[in-house]
There are 2 protein chains.
Amino acid sequence: MLWMENMQNVSEEYNQNIWEPNYVFENEEYSWAMDELYDNDCSSSPDGAPASASLSNSNNILSERNRRKRLNQRLFALRALVPNITKMDKASIIKDAIDYIQQLQEQEATLQADIMELENNNNNNPKNHDLPMLLTSKNTNVFDSPIQLLQLNVTSMGDNTLMVSITCTKRADTMLKLCQLFESLNLKIITANLAVVSANLFNTLFIRADEEEKEELKMQIQTAIAAFNGPQTPITI
Amino acid sequence: MLWMENMQNVSEEYNQNIWEPNYVFENEEYSWAMDELYDNDCSSSPDGAPASASLSNSNNILSERNRRKRLNQRLFALRALVPNITKMDKASIIKDAIDYIQQLQEQEATLQADIMELENNNNNNPKNHDLPMLLTSKNTNVFDSPIQLLQLNVTSMGDNTLMVSITCTKRADTMLKLCQLFESLNLKIITANLAVVSANLFNTLFIRADEEEKEELKMQIQTAIAAFNGPQTPITI
DNA sequence: ACGCACACGTGAGGC
DNA sequence: TGCCTCACGTGTGCG
């Protein structure tokens, strides 16, 4: 019944691995969602299992651990969006999110009804509201000057945060084009910084995204710039 | 290792318990979240375990099974609320819910701003159609979401530097419009910073200009925003 | 073969 | 004590 005792080797490397999910957690109550991150080797299985099985087993364990970690990060990110949270249970987090979504949905319906009523009330303005407006159909007004990219880096900062650092030559409407590009990519920008030094434009922005989307994001930015510039592409990096 | 074979007694009562979570599920693909619902008694443990331990153990198993079932039901209910779902992963469900909540939040901000705008439009009769209407060459793709200015400060930092601090509600294309506006004013931007907090957008930029242009610059920005938003202006500061 | 996503049983820890 | 929630390792099934 109790033939497997590979637990509780946590205490030493716990303190250096506890910050690896990078959710800050200054308050120490309710600190589940990060009770993992110790990699035991799990060698020498009691029955004479061969080494290959042990290796694949270890991979499975690690993969499953990462999966649980991702799920908990997402759940915690979901919890961060809901304003009125009652309990920190996993089930309660999802329940509160459900209630909040329903509340937002009916509030949206109410607001839209109010808008329609107000629009009908003053019968002299013929404006129409088109709200959904997905991406990729708004950059039809590229005229001439392309974005000349000098450097592009995407690094993971932890805490579901990616830092994008872009350097390009400053010419007319470059910043405008970059903004257009960022909006088209639907990035969740936390903070953006821009510095102009002589004729160069240094742009640093922090984006809320999963850490594993790093390379994907870099490729997205590159292809977006390429698509923005048109058929001829002076990307040099 | 394989001393416990209490699986696969599902087939009879599966059909009457499958509808117990009350989510309809007419399509039969992706039907996880309901792979449980068999209550085995688990009596007569093979080793001579006492009856109390066996009973508490069985209760634990059953309770844990119910907990998992509740969690999956909630997750599935959450998934039912989100319109645009990509994958049926647990992690993807939570991710899509997160994106949807954020989208609903900014849409709510947009709609509330629209309501305020419409109410101002109802109260105020046309009186300011004498706006300078600069820029006008590139804003052919402005739909109808204006910049809702919450705060605007211009302070002199000395050394021919002015600091402009702008707060407005974050909605779609707000940053793009601000960039367009700044470019149209031909400002000599040294450094610009942008922070997004919930549904607000905080913008701070340092501009190379004479100190006596402070009030003039503030007026320029205000009138530019007014011109950008169109005839009706919901400036509240 | 390999990886991924899941449900399961189990022990630990908190009220 | 029992009840509840969680993380863990494991087995299974699918692409």
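Reminder, nothing fancy here: chain letters follow the sequence lines and each chain counts from 1.
Distance CG (A:Asn66) to C1' (C:dC4): 12 Å, rounded to an integer number of Å. Atoms CZ (A:Arg74) and C1' (C:dA5) sit 13 Å apart, rounded to a whole Å. Atom-to-atom, CE of B:Met88 to P of C:dC6 comes out at 11 Å; the value is rounded to the nearest Å. Atoms CD1 (A:Ile93) and C1' (D:dT5) sit 12 Å apart, rounded to a whole Å. Rounded to an integer number of Å, the gap from CD1 of B:Ile61 to P of C:dA7 is 17 Å. To the nearest angstrom, P of C:dT10 lies 16 Å from CZ of B:Arg67. Across the protein-nucleic acid pair, B:Lys90 atom NZ and C:dC4 atom C1' stand 14 Å apart, rounded to whole Å. Taking atom CZ on B:Arg79 and atom P on C:dC6, their separation rounds to 13 Å, with Å as the unit.
Residue B:Asn59 places its side chain closer to D:dC3 than to any other of D:dC3, D:dT10, C:dC8. Residue B:Arg68 has its side chain nearest to C:dA7 when only D:dT5, C:dA5, C:dA7 are considered. Comparing C:dA7, D:dA7, D:dT5 against the side chain of B:Arg70 picks out D:dT5 as the nearest.
The base of D:dC8 has none of its N or O atoms less than 3.5 Å from a complementary donor or acceptor on the side chain of A:Glu64.
Residue A:Asn72 has a polar side-chain atom (N or O) positioned under 4.0 Å from OP1 or OP2 of D:dA7. Between B:Arg65 and C:dC8 there is no side-chain N or O to OP1 or OP2 distance below 4.0 Å.
A salt bridge is defined here as a Lys NZ or Arg NE, NH1 or NH2 lying under 4.0 Å from an Asp or Glu carboxylate O, and A:Arg74 with A:Asp210 meets this definition. Taking a cutoff of 4.0 Å between a charged side-chain nitrogen and a carboxylate oxygen, B:Glu64 and B:Arg67 qualify as a salt bridge. A salt bridge does not link A:Lys69 with A:Glu211: every distance from a Lys NZ or Arg NE/NH1/NH2 to an Asp or Glu carboxylate oxygen is 4.0 Å or more. Under 4.0 Å is where a charged nitrogen must lie from a carboxylate oxygen, and between A:Asp96 and A:Arg79 no such pair does.
In terms of heavy atoms, A:Leu78 sits closest to B:Ile98 at N-CD1, 3.6 Å.
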